[in-house]
Q: 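I'd like to ask some things about the structure below.
We're numbering straight along the sequence, starting at 1. We count ligands from 1, going down the list as the structure has it; atoms in each ligand are counted the same way.
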Amino acid sequence: MMSGHTDMVLVDKKGIRIDGRTADQHRQFKVEAGVLNNADGSAYVEIGKNKVLAAVYGPRECHPRHLQNPNKAIIQCKYNMQAFSVSDRKRPGPDRRSIEISKITAEALENVVLTELYPRASIDVYIEILQANAGTRCAGLTAASVALADAGIPMRDIVPACAAGKADGKVLLDLNKEEDNYGEADVPIAIVPSTDEIVLLQMDGNMTRKEFDKAISMAVGACHELYDIQKDALKRRYSTKKEEVEEDE
Ligand code: CDP
């Protein structure tokens, strides 16, 4: 959401951003897999102050039935911002923005989930934004792909997502709320790390081709770092699951 200009200094003379980061630093990443008992798969992600939960059900019978595809499963995604997730209370329920983010998230995930294994089924992904500070679509997609893996759904890879953009004339990695609101451009991307395919790319605002290339390369780099954290979360989850099974035996 780029809404215009401000007198606020977003990047100071030494190149330091308002949250203390340098241009090429991302916020802190945190990923946990399997945080909910009653979903088939789940994950919790923090990207800086963004806090996001994802839950997955399926593959299960697709409702409404007219959405069924005889050749593959469909992915139905619901991105939802909680009323308390933003500074001005968000009016509950879907709006144009959340419908758009749900759609692009499902489309990104369709590139990695082996949907052809489950004709007529639905895989349902719920993304709940608990706290927002710009970058929630990236945090949501990052969480959703870990939740799908946690549900044991066959996938080619998991999908990390991160944005880069431009504020105060500088190309910056992983924009925070002020940089997103008052900056010049924001480019969220998601990749398939094993092939470096881009499965989500959006752009809000303007930058030159050279700046764009720089933004993409910074965001791809951050996605690879995030990927390692996603995999660690799944490994931790798998080892606790194994311990639980062994205790039961
Ligand atoms: O969250 P993301 O960057 O993917 O999407 P955005 O539409 O560019 O929104 C940027 C940020 O604006 C969000 O992360 C929220 O912090 C804020 N926002 C808000 O305060 N109220 C809304 N209704 C929507 C967004």
Q: Less than 4.0 angstrom from a charged side-chain N to a carboxylate O is my criterion; do Asp95 and Lys90 meet it?
A: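 Between Lys90 and Asp95 there is a salt bridge, with a charged N closer than 4.0 Å to a carboxylate O.
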
Q: Donor-acceptor pair, Thr142 side chain versus Cys138 backbone, under 3.5 Å?
A: yes

Q: Considering the heavy atoms of Ala132, write down every atom of ligand 1 situated less than 4.0 Å from one of them.
A: 14 (O), 15 (C), 16 (O)

Q: Can we say Arg17 and Asp168 salt-bridge, meaning some charged N sits less than 4.0 Å from an Asp/Glu carboxylate O?
A: no

Q: Is the Lys NZ or Arg CZ of Lys231 less than 6.0 Å from the centre of Tyr227's six-membered ring, within 45° of the axis?
A: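 The answer is yes, since Lys231 meets both limits relative to Tyr227.
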
Q: I'd like to know if Glu110 and Lys72 make a salt bridge, using a cut-off of under 4.0 Å between side-chain N and carboxylate O.
A: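 A salt bridge is absent here (no side-chain N lies under 4.0 Å from a carboxylate O).
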
Q: Does any N or O of ligand 1 fall below 3.5 Å from an N or O anywhere on Ala134, backbone included?
A: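 Yes: some nitrogen or oxygen of Ala134 is under 3.5 Å from one in ligand 1.
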
Q: Ligand 1 and Gly135, any nitrogen or oxygen pair closer than 3.5 angstrom?
A: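 Right, the criterion is met.
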
Q: Looking at ligand 1, does any of its N/O atoms fall within less than 3.5 Å of an N/O of Arg137?
A: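 Yes; at least one N/O pair falls below 3.5 Å.
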
Q: Kindly confirm or rule out an N or O of Thr136 lying under 3.5 angstrom from an N or O of ligand 1.
A: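 Yes; at least one N/O pair falls below 3.5 Å.
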
Q: Under 4.0 Å, heavy atoms only, figure out whether ligand 1 is touched by the backbone of Lys177, its side chain, both or neither.
A: side chain

Q: Which atom pair, heavy atoms only, marks the closest approach of Asp40 to Tyr57?
A: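 Scanning both residues, the minimum pair turns out to be OD2-CA, 3.4 Å.
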
Q: Which one of Arg91, Arg97, Glu178 has a non-hydrogen atom at the shortest distance from atom 9 (O) of ligand 1?
A: Arg97

Q: Which bit of Asn133 gets closer than 4.0 Å to ligand 1, counting heavy atoms only: side chain, backbone, both or neither?
A: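 Backbone only.
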
